[in-house]
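A, B, ... follow the sequence lines: proteins, then strands. Residue 1 opens every chain.
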Amino acid sequence: MNDLALLVAATLAAGTPLALAGMGLLVNERAGVLNLGAEGLMLVAAVAGFATGFTTGSELLALIAGAAAGAIGAAIYGWLVIWLNTNQYATGLAVSLFGSGFSAFVGIGFVGKKLEENPVTGVPLLRDLPVLGVALFRQHWTIYGAVALAGGVAWFLYRTRGGLILRSIGESPSAAHALGYPVRRIRLVAVVVGGALCGLAGAYLSVIYTPLWVEGMVAGRGWIALALTTFATWRPARMLFGAYLFGGVTMLQLYLQAAGVQVPPEFMSMLPYLATVLVLVIISRNPLWIRLNMPASLGKTFFPGS
Amino acid sequence: MTNRSSPKFLALAVVFAAAGLTACGQKAAPPAPAPVAAPAPAKPAPLKAAFVYVGPVGDAGYTYAHDAGRKEAVAKLGDKVATTFVENIKEGPDAERVIRELATAGNKVIFATSFGFGDSMAKVAKDFPDVYFEHATGFRTSDNMRVYEPRIHEGAYLAGIVAGRMTKTNVLGFVGSFPIPEVLRNINAFTLGAQSVNPKIKTKVVWVGSWFDPPKETEAAKTLINGKADVLLQNTDSTAVLQEAERQHKYAFGWDSDMSSFAPKAHLGSCMLLWGVYYEKALNDVLGKTWKTGATKWGYREGMTDFVKIPDFVPADVKKKVEDAKAGLKAGTLDIFKGPITDSTGKVQLAKGLAADDKWLGGVTFYVKGVEGKVPASK
């Protein structure tokens with residue numbers, strides 16, 4: 001029972017960066033902008049967060065710096081694709097590659113440095129519950145933040161006027177434009193918010209989850225978050241579920257190994273991706289489901305007045 | 001230790017990456033001190049040598065250790081050599097292009113530091129008979145290409161001695177990359193070292209399927225600690241496992257280079273790779289025209305591996321055990337793999353009285369007795 005609780009706890013910790021970044025990407029994809037630069041933004045944020053944490057000693061400042069770095073990177077990306085009308089796919093890939101190179105370059109001085117760590121307190125009282133306390137209530141506060149964020153995003157998208165406008169821009173930017181909404185500005189805000197959340201996820205990795213900086217440490221999690229948006233059919237609750245499912249599969253393979261169940265590590269590294277593909281196949285069996293949820297203008301450049 | 005993989009999901013990204021690599025040129029190492037201004041006697045031109053690294057020199061692990069070795073050799077040989085390096089070279093077609101360019105640029109010795117560079121190097125070596133090629137951890141040799149490798153499992157054995165005495169649960173943990181002979185040797189040596197001081201030792205292994213994925217290494221370390229392991233060793237390239245041990249008040253070791261500063265409370269010692277001694281020898285071979293093809297496998301005795309920075313809180317008698325083992329390695333009286341060796345299924349892998357030779361070491365595909373579970377099928 002305790003093993004199961006530990007597995008749940010590890011799953012929550014492993015899934016959180018995916019949930020944060022995925023939620024951000026979901027928001028900017030809902031506005032019709034695809035940001036393939038997520039991995040690069042997360043790396044830049046990871047180094048920014050680590051550097052800030054290292055110089056100031058403050059975890060909160062480090063996370064803020066990571067989110068800010070992600071937001072700035074995303075703003076540059078947004079300006080390129082929204083105002084200069086560059087191709088979103090190519091620009092996103094360029095941002096991703098630039099981010100990994102740039103983070104390695106500015107991070108040279110931080111390799112091999114050590115961060116002061118704050119002990120994780122968890123939720124008072126609840127943390128002492130048997131089993132449940134271990135499983136759920138001894139986590140870093142960002143994990144509860146990620147769950148709250150999913151609720152907030154869902155509420156915003158489906159219960160507020162702003163969310164409706166955002167979604168309408170993702171569906172048909174020209175119709176929204178005709179109604180007088182500033183499509184480009186709203187898209188930029190969505191992209192910046194998305195970048196900030198990717199940044200938060202990157203900083204979570206380098207400051208809280210694995211407090212160190214090394215080149216390429218995000219190790220593909222940005223791409224996974226991108227895949228998760230489709231997996232979740234652009235819905236926040238499913239995104240949260242997908243992120244923790246993914247984290248769970250990753251952790252489960254390690255736990256199975258420690259429990260003596262032996263499968264080739266190559267197979268296990270493949271497993272989470274296999275799960276993604278499987279779910280994609282299942283979802284795609286229902287065309288209505290995809291069509292109802294996928295932002296119709298996703299990835300397309302919008303020329304106002306054309 | 002010999003390659004790294006990172007997930008690439010988009011073929012296009014690979015194309016872009018290739019384009020990016022083409023763009024990044026060679027980095028010249030700081031030039032040797034310039035000759036004095038006075039009309040110096042005519043000196044022979046320095047020997048040009050180039051190093052091809054698989055990772056960035058700032059990885060604090062494997063490539064960092066190679067570059068430290070290069071610098072050490074340069075410091076010893078002074079202006080007799082002029083070295084350059086290229087870092088972050090992916091294994092595959094791009095490596096061949098890089099090695100070929102280095103040969104064309106007039107380098108007389110080229111070192112490739114990763115297993116996956118072997119094929120590329122062998123191809124180029126054929127076309128440049130006047131250039132000497134050196135391949136780390138490989139097996140392919142020819143008239144002008146040879147291989148070199150450190151016996152890192154000696155470090156794992158020494159770490160095992162400390163681990164065997166410092167554990168309270170008698171369960172050790174190992175974070176593995178891929179189940180290849182090199183890594184299995186390390187797991188086995190670690191276990192044998194621990195069993196030499198504590199026969200009750202069990203080792204649990206978790207494979208992460210990567211040479212370098214710090215978050216996943218952390219997860220693996222957590223899993224092992226949850227499974228009662230209280231001293232950890234890893235065959236991956238980052239400091240993540242050590243740092244997780246520090247967080248959870250357990251013990252762990254540094255790997256490839258000195259990692260003591262990452263975990264002052266958890267660090268029980270670092271298994272070091274010291275490539276410099278070989279690089280100096282190889283360059284001297286070329287300078288002295290004594291270069292011969294072959295395979296070099298060096299360990300503690302030759303100064304290519306070491307186990308350092310055992311902290312003060314480790315009892316003196318444990319340190320003494322390590323020193324004794326080191327002395328045994330130095331004198332050649334200690335064989336880490338010495339019969340009888342029984343694997344985890346009870347089969348005798350090395351008969352009583354026999355010592356392992358290089359062929360046996362290259363074919364290790366099992367866990368020794370005391371390691372839990374089965375080796376995952378590879379290939």
Asks: Rounded to the nearest 0.5 Å, how far apart are OG1 of A:T250 and CG of B:D213?
Replies: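 That separation rounds to 9.5 Å.
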Asks: Taking all heavy atoms of B:T239 and all of A:L212, pick out the closest pair and write down the distance.
Replies: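 Between these two residues, the closest heavy atoms are OG1-CD2, 3.2 Å.
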Asks: Mind checking whether A:M251 and B:T223 have side chains closer than 4.5 Å, heavy atoms only?
Replies: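 Touching, per the 4.5 Å side-chain cut-off.
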Asks: Which one of A:A14, A:P211, A:A227, A:S100 has the most heavy-atom pairs closer than 4.5 Å to chain B?
Replies: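 The candidate making the most pairs under 4.5 Å is A:P211.
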Asks: Which answer fits A:L205, side chain, backbone, both or neither, if we ask what part of it has an atom under 4.5 Å from a heavy atom of chain B?
Replies: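 Contact with chain B involves the side chain of A:L205 alone.
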Asks: Are side-chain heavy atoms of A:T210 and B:K216 found at a separation under 4.5 Å?
Replies: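 Of all side-chain heavy-atom pairs linking B:K216 with A:T210, none is under 4.5 Å.
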Asks: Looking at B:P214, B:S238, B:A220, B:P215, which has the largest count of heavy-atom pairs under 4.5 Å with chain A?
Replies: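 Most pairs with chain A among the choices: B:P215.
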Asks: Under a 4.5 Å cutoff for heavy-atom pairs, which residue among B:K204, B:E219, B:K222 has the most contacts with chain A?
Replies: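 So the answer, after comparing B:K204, B:E219, B:K222, is B:E219.
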Asks: Can you check whether A:Y255 reaches B:V206 side chain to side chain, under 4.5 Å on heavy atoms?
Replies: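 Of all side-chain heavy-atom pairs linking B:V206 with A:Y255, none is under 4.5 Å.
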Asks: Report yes if some heavy atom in the side chain of B:N88 is under 4.5 Å from a heavy atom in the side chain of A:E215; otherwise report no.
Replies: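 The answer is yes; the side chains approach within 4.5 Å.
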Asks: How about A:F137: does its CZ atom have over 12 heavy atoms from other parts shown lying under 6.0 Å from it?
Replies: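 Yes, enclosed.
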